[in-house]
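Atoms within each ligand, like the ligands themselves, are counted from 1 in listed order. Keep in mind the model is a prediction, meaning the values are calculated, not measured.
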Amino acid sequence: MASITLNHVAKHFGSKVAIADIDLKVEDGEFLVLLGPSGCGKSTLLRMLAGLETVTSGEIDVGGRRVDQLPPSARDMAFVFQSYALYPHMTVRRNIAFPLIMRQFKWWFHIPLIGGLAKRRVERSPEVSELVERTAKTLSLTELLDRYPRTLSGGQRQRVALGRAMVRKPEVFLMDEPLSNLDAKLRSAMRAEITRLHGRVGGTFVYVTHDQVEAMTMGTRIALLRDGVIQQFGTPREIYTSPANTYVARFIGTPPMNLIEARVEGEAIRIGEALLPLPVRLLPAARTAGGGAVLLGIRPGALRIASPSEADGLSGLVSFVEHVGAESVVAVGLARARTAHEEEDQVAGEVMITAPGYSELAPGAAVTIGLDLSEAVLFSAETGQRLSGEPATAN
Ligand code: ATP
């Protein structure tokens, strides 16, 4: 097991900056998820860790040892790819045993007949066969050991790829979107599988994905990247409840966090005509709001369709409703009171509400929305950074 430290790590491809200047410390035994949209640099970062890509500048340490100048083979890391990269002409057993066979590699393993016999001998040696059997059992592959990859499902192939990584007993497991080729049901089963694997084998895991659900369910911490820059590094809970900026707020959560244009007025917040008292928790943040214009960040579950007489409600018109089984997602265009020269109320932005059960609301219905501000957050309308109530730069 090993901690990983990145010190000012950058990667440029010609004039393209793939990774800007990253500092990161991953603790021993952590499950770090590198999350972000396509092209944000997460695979490049993982490949630099593995040694498949050079660093343009900066330093990578693993377990206190500098590794950025070492070849991949000297780094004691196992890489699991999105495409399983199994050998099609080898059985599952041989695929899993392969790294162990290669450890005992001799030049004459290349000679067809003699090499084949020698490899089989290593594969059948007690220490190798026991480890392969044990690993196969852990991953529920025992029945499949004598099959070939082409006869396996995507999930089974991915488990073989994991098995091949596990037998090496590496200090660090690196995984690049290993579940992206699987269907939704299998993905969720494999998510649980990999999380259990992490619990069982220990080791430090670094896992790349663009899927926020994978990040939230598997990671002990998440580094959310955008254009080669880390937007936030924290636990799934921190990232969900206290997003560092509006980008993070909108990236995590389905539907994403609503960002409502608002204005701080003393200890209250004005949204259109409504003036809502702020919870005490938000007062320090509200005080730092400068000119008063803010974005109120509120999750869809903290909004509800209220009775028209609700004192602090917002009014709006339903624009669409989606029924997703246990709950409904209702999109509402918020009304802004008309000004002197406007004939009708104007829409001041749309919010998403998750309502339990099957909503009977139809597009065009006039509704009143109640807000629960207990977990809301405030962002600067100017910079998009979360207002924490602390000075922007701490000394
Ligand atoms: P995806 O999820 O689509 O794989 P990613 O977040 O993993 O995306 P990277 O593959 O790390 O993104 O790429 C980051 C940026 O660097 C992209 O803009 C990409 O086009 C660029 N890039 C990656 N590899 C190279 C290369 N060999 N030469 C030039 N540019 C590259």
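For R75 (side chain) and L70 (main-chain N/O), a donor-acceptor pair under 3.5 Å exists by modelled atom type.
The shortest N/O to N/O separation between F13 and ligand 1 does not fall below 3.5 Å. Checked against a 3.5 angstrom limit, the closest N/O atoms of A18 and ligand 1 fall outside it.
Residue P37 approaches ligand 1 through these ligand atoms, each under 4.0 Å from one of its heavy atoms: 6 (O).
In the model, E30 has a side-chain atom that pairs as donor or acceptor with a side-chain atom of T220 under 3.5 Å. No side-chain donor from either of K42 and T209 sits under 3.5 Å from a side-chain acceptor of the other.
Under the 4.0 Å distance rule, the nearest protein heavy atom to atom 20 (O) of ligand 1 falls outside the cut-off.
Taking the ring centre of Y148 as origin, the terminal cationic atom of R150 falls inside the region bounded by 6.0 Å and 45° from the ring axis.
In this structure, of K16, K11, R226, the residue bringing a heavy atom nearest to atom 18 (O) of ligand 1 is K16. Relative to atom 2 (O) of ligand 1, the option among H12, H210, K42 with the closest non-hydrogen atom is K42.
The closest approach between G36 and ligand 1 stays at or above 4.0 Å for every heavy atom of the residue.
Ring geometry for Y207 against F31 counts as tilted: the plane angle lies between 30° and 60°, on a 0 to 90° scale.
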